[in-house]
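Beneath this line is the structure, given in C-alpha cells, with notes to follow.
Counting starts at 1 for both ligands and their atoms, following the listed order.
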Amino acid sequence: MGTQARPLVARTPIIELPPELQKTIKEASKDFEVINIDLDQITKEMARRVEGLLLYMPVNLRINSKVMDYFPNLKVISNCGVGINHIDIAAATERGIAVGNTPDVVTDCTADLAFSLLLASARNVVEGDRIARGPETKEFLHLHGYFGSKVSGSTIGIVGLGRIGSAVAKRANGFGMKVLYHNRNRRKADEKKLDAHFCTTLSDLLPQSDFVVLCTPLTSETRHLIAAKELSLMKPTATLVNIARGGVVNHDDLTDALKNGVIRAAALDVTEPEPLPRDHPLLKMANVTLTPHFGSATANTRMNMMELVVMNLRSGLNGEELPFGVN
Ligand SMILES: O=CC(=O)O
C-alpha cells in the first residue's frame, strides 16, 4: 500500500507521546498515518481526510456531535483509557462511528493507585515526608494530630464493583479489611471470591465504612453521587478516595465537609474541574492527598493500552468490529 493510500488518524490532544508509545504508533503506521491535531485549529480540508481519532489522555476534551460532524469521514474513535464519559456514544452510534477503549489492562494499576492514595492519606505519608525532611522531625512525629488512621482490619466501602472495584477489593482482602460494596446490580459470584458484602443502598454503606473508594463510571446517574447528604452519612473518621471521575463528587460539598470535620480526609486522583484551579481551597488543605489523574501511568500499562488503541483503530478503519468496542 503506498503512502498516499494510508488512512489518516488524528491524535489529540497535542502532547508529546512518551517514546515507548511512539514506537507502538510507528509500528502501526504501515496501516495508517497518524498526525497530531488541535481540535480548535484543524482546517475543514484536513478534517475531511481524517478517518480515525486517537484520544490520548483527553482530560478536558469533549467529543460531542459537533466535533464528530467536523470529520465527515470519521469511522472510528479510539480512546486511550477505559473511561468514555467525554465521548457522546449515542451521537457516535447514530453516525456509524465505532468507539473503542482500553479495558482490563488499566485495572491493576488503577487499583494499585487507589490503595496508594488510601494508605498515603491514612498514614499521612505526604506530610510525613515533608516533616522527615524538615527541622521539626522529633517534635512533630508523635503529636496526636499526626496520628494516622489504621488500615489493616478496618472497613472499606467500594462504590462500583466492576473490574477496578473488584481489584481494589482483592487488595483490601490482603489487608484483612472488611469489604462492603454498593453496585447497581448485586454481584453474587464476586461476593464469594472477594469476601464482599453487598449494601443495597449507598446510605447503608457510607456510615459503616472507614474508607469509601469510588470506582464507578461517570454517567448521568452517578454525577454528584457524593454530595453534602452522602458526606454527612460518613464517619467523621472516614476517608474518601476517588479514582473514578471528579464529576462523581460535588467538590464544593467535599470542601465544606473537609473544612468542617464532617469527614477526616480525602484522597483524589480525579477532580472537577481537572486540574483544579491553582487557588482552589482543596489545594490548601492538609487533609487532602492529590495525584494528577494518573491511575494507569506505568510504562507497561501505557504500552498495553496503546496496543489496544492501535488494534481498535485498525479494525475501525477496516470497517470491522472493534476488539474493545463500546457501541
Ligand atoms: O482515567 C483513566 C481511564 O479512563 O482509563
The ring pair (Phe, Tyr, Trp, His ring centres under 6.0 Å) partners of Phe115 (sequence neighbours excluded) come to Phe175

Those residues at least two apart in sequence (or on a different chain) that pass ring pair (Phe, Tyr, Trp, His ring centres under 6.0 Å) with Tyr181 are Phe198

The side-chain contact (heavy atoms from CB on, under 4.5 Å) partners of Glu230 (sequence neighbours excluded) come to Leu202, Leu206, Ile226, Ala227

Any sub-3.5 Å donor-acceptor pair from Asn242's side-chain atoms to Val249's backbone N or O? no

For this session: Report yes or no: does Asn183 contribute a side-chain atom to a donor-acceptor pair with the main-chain N or O of Leu161 at less than 3.5 Å?
Result: yes

* Can Asp88 and Ser65 be counted as having a side-chain donor-acceptor contact under 3.5 angstrom? -> no

Write out each pair where an N or O from ligand 1 and one from the protein are under 3.5 Å apart, with the distance.
| residue | atom | partner | partner atom | Å |
| --- | --- | --- | --- | --- |
| ligand 1 | 1 (O) | Arg245 | NH1 | 2.9 |
| ligand 1 | 1 (O) | Arg245 | NH2 | 3.4 |
| ligand 1 | 1 (O) | His293 | NE2 | 2.6 |
| ligand 1 | 4 (O) | Val82 | N | 3.1 |
| ligand 1 | 4 (O) | Gly83 | N | 2.7 |
| ligand 1 | 4 (O) | Arg245 | NH2 | 2.8 |
| ligand 1 | 5 (O) | Val82 | N | 2.7 |

